[in-house]
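Note sheet for the following structure.
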Protein chains: 2
Amino acid sequence: MDGRRARGEKKRRAIVEATLRVIERDGVAGVTHRSVAREAGVPTTAPTYYFATLDDLLIATLVQAAEETCEEMLGTVARGGTAREIAAMLAKAVNENRGRTLAEYELYLLAGRRPELRAAARRWLDLAVEAMRPADPVAFRALLAAVDGLLIQGLIADVAPNEDELEPIVSFLICGRDDSTAPARGQ
Amino acid sequence: MDGRRARGEKKRRAIVEATLRVIERDGVAGVTHRSVAREAGVPTTAPTYYFATLDDLLIATLVQAAEETCEEMLGTVARGGTAREIAAMLAKAVNENRGRTLAEYELYLLAGRRPELRAAARRWLDLAVEAMRPADPVAFRALLAAVDGLLIQGLIADVAPNEDELEPIVSFLICGRDDSTAPARGQ
DNA sequence: CAACTACTTGAACAAGTGTTCCATAAGTTT
DNA sequence: AAACTTATGGAACACTTGTTCAAGTAGTTG
């Protein structure tokens with residue numbers, strides 16, 4: 001093995017992680033070669049060495065962040081989690097993981113303007129539908145939409161909602177008017 | 001009256017409108033004194049004369065855009081519009097008014113990081129709740145969340161959904177499991 | 001007409017930007 | 001050890017940025 005390449009890969013990952021921290025703190029607007037390099041503790045030219053352009057770095061970071069979140073989302077939303085489990089995950093997203101969730105929606109917005117990012121931004125939606133194969137697709141799509149809405153509204157609330165406030169709403173969405181066609185059963 | 005001030009106000013409005021066009025086209029990232037001035041057909045220093053800082057211009061523009069959209073939203077969502085009416089409005093937002101809707105969510109994201117913008121970003125939500133006084137607040141909040149979710153997901157779809165695709169989802173949300181507590185009656 | 005006020009605008013500045021370049025260091029292979 | 005590849009990092013370039021400034025115009029008021 002080439003030890004140089006191994007350390008290079010490590011540094012590359014460190015740069016991506018630093019970029020994510022910058023996005024979480026200052027948003028996409030705060031991402032510059034210099035701010036990322038400062039955050040990662042590497043010289044200014046390091047990011048350019050590993051990523052052809054700033055845009056590449058930005059996109060690589062947002063896509064990776066989205067994929068990381070994907071698994072957590074699918075673990076609770078898609079696999080027929082209870083309303084409380086889903087509510088707990090949403091509450092965590094708008095409180096402890098606030099910065100990360102904001103980053104997630106920066107990707108959404110970027111994807112709105114750049115078609116090549118759309119697949120990455122939509123990935124959790126596509127995976128959820130594929131994993132669930134819900135009996136009532138309409139109810140399930142309503143749930144998925146509401147999840148995005150609750151998150152983004154939670155981000156602009158004066159005080160972010162907690163699990164207890166979110167739970168009844170999620171519960172309402174999970175137990176549609178006909179329980180037999182609902183995608184999952186809440187508490 | 002002072003004709004100078006009148007023309008000044010007109011120019012000020014023209015600058016805000018130009019800024020909105022820039023945001024719709026290139027996003028908040030594309031807003032600079034120079035790009036706005038070019039779009040409005042005024043010299044570079046004109047925006048600085050009317051707005052102390054670029055941030056002031058940006059905020060004034062997004063807040064005004066949000067207030068404009070507010071009325072349209074409330075006219076259909078809040079006043080107990082039918083599912084089809086709501087679906088039609090959503091379809092319009094992600095197709096004809098795509099740029100405007102993207103701008104709306106740029107405000108959301110900015111509000112996520114700047115508390116002073118939150119009231120403006122949340123305005124349509126607050127007004128909707130106040131105007132409706134829904135019998136079932138939980139169902140209504142689910143509907144409002146889903147509206148945001150459907151819009152933002154519509155913006156990152158490969159092909160934006162149309163009225164017919166959105167209508168069943170809205171209908172499902174409006175006629176909850178118990179019609180008597182539903183906020184409004186669909187078709 | 002003179003004094004005043006509001007608007008207009010080009011030039012300029014310091015700061016920060018993405019990116020290129022190149023000499024050097026460090027590790028790998030022969 | 002020599003030849004090579006890969007990684008490193010400082011200096012520099014051309015460019016754009018937000019904002020300031022001062023000189024100018026044109027309306028309003030006394």
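Each chain gets a letter, A, B and so on, in the order the sequences are listed, and its residues count up from 1.
- Within the nucleic acid shown, Tyr50(B) comes within 4.0 Å of sugar-phosphate atoms alone, with no base atom in reach, counting heavy atoms only.
- Counting any heavy atom pair closer than 4.0 Å across all strands shown, Thr53(A) reaches sugar-phosphate atoms only and no base atom.
- Among the heavy atoms of the strands lying under 4.0 Å from Thr45(B) is at least one base atom, whether or not backbone atoms are also near.
- One N or O donor and one acceptor, one from the side chain of Arg34(B) and one from the base of dG18(D), sit under 3.5 Å apart.
- In the interface, the side chain of Arg7(B) is not paired with the base of dG27(D) through any donor and acceptor atom under 3.5 Å apart.
- Side-chain atoms of Thr82(A) come within 3.5 Å of backbone N or O of Glu85(A) as a donor-acceptor pair.
- Residue Tyr49(A) places at least one side-chain N or O closer than 4.0 Å to OP1 or OP2 of dA7(D).
- Leu58(B) places a side-chain heavy atom less than 4.5 Å from the side chain of Leu110(B).
- Taking only side-chain atoms of Arg4(B), from C-beta outward, the nucleotide of dA26(C), dT19(D), dT5(C) with the closest atom is dT5(C).
- A donor atom on one side chain and an acceptor atom on the other are not found under 3.5 Å apart for Thr45(B) and Thr48(B).
- A cation-pi arrangement, defined by a distance under 6.0 Å to the six-membered ring centre and an angle within 45 degrees of its axis, is absent between Arg141(B) and Phe172(A).
- Using a 4.0 Å cut-off, some side-chain N or O of Lys11(A) falls inside it from OP1 or OP2 of dG9(D).
- Of the candidates dT19(C), dT19(D), dT8(D), the closest approach to any side-chain atom of Leu54(B) belongs to dT19(D).
- With distances taken from any side-chain atom of Arg5(A) to the nucleotides dT6(D), dT20(D), dA26(D), the minimum falls on dT6(D).
- For Arg38(B) and Gly3(B), each mapped to the nucleotide of DNA chain D holding its nearest heavy atom, the one lying further toward the 5' end belongs to Arg38(B).
- Taking 4.0 angstrom as the limit, His33(A) places a side-chain polar atom (N or O) nearer than this to OP1 or OP2 of dT19(C).
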